[in-house]
Amino acid sequence: MIRALVPGSFDPPTNGHLDVIERCVGIFDEVGVAVIANPSKSSLFTAEERMEMLRECCGDWPNVVVDSFSGLLVDYAQQAEAQVIVKGLRAMTDFDYELQMSQMNRHLTGIVTLFIATKPEYGYLSSSLVKEVAKLGGAIDALVPEPVAAAMKERLA
Ligand code: PNS
C-alpha cells in the first residue's frame, strides 16, 4: 500500500492543485492532502476552511484524505505513514526551491519526493495571484473549483 502526501498552503486550492491531486488519485493507493496549519504568509482562509474546501473538491475520490499539519512535513509524513511526497512543478522557477526542499527532506528522514508537471494551461496559476485577481475584482471562475470561487466571493465581499 503506497500512501502519498500532497502538501501545501492551499490558500485557496486552485485548479492546478486539483490537477496534481487527481493525477495522484490514479497512481497511489491513498492520497493524503496535507494542509499546513500556519503558513509563513498570512492566510485568507483558516486551516479548517482550507480543509473544508478541499474535502468538497475531492469528494468524488474515495482514496483522498484531507488533513492538516504543523511543524516539519517529514515528521507528519512519518506519523501519517506516507512513503512519498508529491509536488506539482509549474515551471523552472519552481524547480530550484522544490529541489532544495526535497533534498532537505531526504536528508532528514530519507523520504522520497516525486514531482508532477502541472497541466500547461495552469502554468501561470498560483494561490497568491488568484487572491490578487479576486481582490481587484477580476474573474477567477476558470482558475479555481466552484466551491472555492464561492468562498472567495463571500470572503472578499
Ligand atoms: O503551497 P506551498 O506554500 O508551496 O507549500 C509549502 C509547504 C507547506 C509544502 C512547505 O512550506 C513545507 O513543507 N512546510 C513545512 C515545514 C517544513 O517541513 N520545512 C522544511 C522544508 S525542507
Side-chain angles (χ1 to χ4, degrees), residues 2-25 27-28 30-58 61 64-135 140 142-145 147-149 151-152 155-156:
I2 307 284
R3 182 176 293 145
L5 279 188
V6 183
S9 307
F10 302 108
D11 187 50
T14 68
N15 287 344
H17 292 130
L18 269 296
D19 173 49
V20 172
I21 296 168
E22 185 174 17
R23 295 298 197 90
C24 291
V25 162
I27 298 171
F28 301 101
E30 203 170 293
V31 182
V33 178
V35 175
I36 189 160
N38 301 110
S40 43
K41 324 139 224 181
S42 71
S43 60
L44 182 62
F45 294 101
T46 66
E48 274 307 321
E49 289 168 333
R50 286 176 274 141
M51 284 164 61
E52 195 45 50
M53 285 187 273
L54 282 162
R55 287 198 180 109
E56 216 174 326
C57 300
C58 299
W61 300 318
V64 172
V65 176
V66 179
D67 194 10
S68 71
F69 75 102
S70 46
L72 280 178
L73 175 61
V74 289
D75 288 341
Y76 173 74
Q78 274 184 336
Q79 180 201 315
E81 297 180 8
Q83 299 92 330
V84 179
I85 293 169
V86 177
K87 293 292 198 78
L89 281 184
R90 288 167 297 199
M92 282 306 286
T93 41
D94 284 337
F95 185 71
D96 275 353
Y97 187 49
E98 291 297 342
L99 179 67
Q100 199 182 354
M101 280 199 290
S102 75
Q103 289 171 331
M104 175 59 82
N105 287 335
R106 178 185 177 144
H107 162 78
L108 291 170
T109 62
I111 195 160
V112 171
T113 299
L114 296 178
F115 296 108
I116 290 184
T118 56
K119 249 188 190 170
E121 56 258 50
Y122 299 145
Y124 59 90
L125 194 48
S126 70
S127 297
S128 18
L129 275 185
V130 165
K131 281 185 280 195
E132 184 170 330
V133 169
K135 276 178 191 163
I140 56 159
L143 310 176
V144 295
V148 175
M152 295 281 293
R155 182 56 41 96
L156 298 171

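Numbering of ligands and ligand atoms starts at 1, following listing order. Heavy-atom basis, side chains included; hydrogens, waters and symmetry copies ignored.
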Backbone N/O of Leu125 and side chain of Arg90: donor-acceptor pair under 3.5 Å
yes
Distance filter under 4.0 Å, heavy atoms only, around ligand 1 gives Pro7, Gly8, Ser9, Ile36, Lys41, Phe69, Gly71, Leu72, Leu73, Lys87, Met101, Met104, Asn105
Contacts of type side chain to side chain contact (heavy atoms under 4.5 Å, CB included), residue Thr113, not counting sequence neighbours:
Ile85, Lys87, Ser102, Phe115
Could you tell me whether a side-chain N or O of Arg3 sits under 3.5 Å from a main-chain N or O of Glu30, the two making a donor and an acceptor?
no
Taking Arg155 for its side chain and Leu44 for its backbone only, find out whether a donor-acceptor pair lies under 3.5 Å.
yes
How close do Asp11 and Ser127 get, counting heavy atoms only, and between which atoms?
O-CB, 3.4 Å
Check: Arg23 side chain, Thr118 main-chain N or O, donor-acceptor pair, under 3.5 Å:
no
